[in-house]
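Just so we're clear, the structure is a prediction, and the values are computed from it rather than from any experiment.
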Amino acid sequence: MSEDSATTFRDDVLDELGGDKVQEIAGLLGTDEAGARDVVGTTASALSGEAAAVGTVETPQEAPLQGVATLGGFATGGLMAGVLAKAARPVANAVAKKTGLPPATVTRVVEMLVPVVLTVLTKRAAKKK
């Protein structure tokens with residue numbers, strides 16, 4: 001994912017999330033809206049296959065969602081949800097390490113973001129058809 005498309009993806013996730021959820025995340029993290037938006041952006045990038053962007057020690061051989069296209073594509077939402085759920089813990093740990101936030105708190109935020117990321121990816125796939 002290029003930097004421009006990653007930025008657009010983060011923006012799409014933030015738009016889908018909405019201001020109320022961003023405020024809720026800010027409350028969970030004990031930060032302001034800008035801080036919450038930064039964490040959401042970092043997490044969305046990592047969940048979309050940009051794990052290297054958050055400084056993970058182990059970069060996956062394959063971005064979490066690349067293999068999905070070969071297994072039925074975006075029509076198999078359950079599979080995608082499973083892939084994202086599997087990626088959630090390593091992503092939460094990487095984001096926590098990068099931000100210095102408690103892993104348990106970041107895990108709660110990641111769990112909130114998985115369905116939002118799934119929705120954005122599904123909408124993007126539908127537009128490409």
Side-chain angles (χ1 to χ4, degrees):
M1 190 179 285
S2 72
E3 188 171 327
D4 287 340
S5 64
T7 300
T8 302
F9 183 75
R10 286 190 300 264
D11 292 342
D12 288 350
V13 169
L14 285 163
D15 289 345
E16 186 70 32
L17 195 59
D20 290 342
K21 286 291 185 185
V22 171
Q23 287 297 330
E24 183 179 341
I25 290 169
L28 280 171
L29 298 174
T31 188
D32 60 6
E33 184 176 342
R37 292 174 72 83
D38 286 345
V39 171
V40 168
T42 300
T43 303
S45 293
L47 284 171
S48 68
E50 295 290 319
V54 295
T56 57
V57 175
E58 297 178 32
T59 302
Q61 297 291 52
E62 177 179 305
L65 298 177
Q66 287 178 342
V68 174
T70 64
L71 297 171
F74 289 98
T76 56
L79 177 61
M80 283 182 52
V83 170
L84 285 174
K86 185 176 179 182
R89 181 171 295 274
V91 166
N93 289 337
V95 172
K97 184 177 179 180
K98 180 179 181 187
T99 62
L101 294 166
T105 303
V106 176
T107 298
R108 289 177 58 199
V109 171
V110 171
E111 289 170 353
M112 291 174 67
L113 292 178
V114 165
V116 176
V117 168
L118 183 59
T119 298
V120 170
L121 290 171
T122 302
K123 285 181 178 181
R124 285 177 160 218
K127 286 181 184 177
K128 290 184 178 183
K129 289 187 177 185

Taking all heavy atoms of [X] and all of [Y], pick out the closest pair and write down the distance.
X: T8; Y: R124; result: CG2-NH2, 3.3 Å
X: A26; Y: E33; result: CB-N, 4.3 Å
X: P102; Y: A96; result: C-CB, 4.4 Å
X: V22; Y: A36; result: O-CB, 3.7 Å
X: A92; Y: T107; result: CB-OG1, 3.5 Å

For this session: Would you check if T99 and T42 make a side-chain contact, meaning some heavy-atom pair closer than 4.5 Å?
Result: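 Sidechains of T42 and T99: no contact.
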Exercise. Do the side chains of L28 and M112 get nearer than 4.5 Å, heavy atoms only?
Worked result: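 Touching, per the 4.5 Å side-chain cut-off.
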Exercise. Picking from V116, T119, L121, what satisfies side-chain contact (heavy atoms from CB on, under 4.5 Å) with V13?
Worked result: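 By the side-chain contact (heavy atoms from CB on, under 4.5 Å) criterion, V13 pairs with just one of V116, T119, L121: V116.
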Exercise. So among L113, T31, T105, D20, which one has a side-chain contact (heavy atoms from CB on, under 4.5 Å) with I25?
Worked result: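 The single option meeting the side-chain contact (heavy atoms from CB on, under 4.5 Å) with I25 is L113.
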For this session: Nearest 0.5 Å please: distance from the OG1 atom of T43 over to the CD atom of E111.
Result: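 Interatomic distance, T43 OG1 to E111 CD, rounded to 0.5 Å: 12.0 Å.
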Exercise. Less than 4.0 Å between a side-chain N and a carboxylate O, is that true for K21 and E24?
Worked result: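 Between K21 and E24 there is a salt bridge, with a charged N closer than 4.0 Å to a carboxylate O.
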Problem set entry | From CA spacing to verdict: side chain to side chain contact (heavy atoms under 4.5 Å, CB included), V95, V110 | CA-CA 9 Å; V95 172; V110 171; 5.5 Å; no
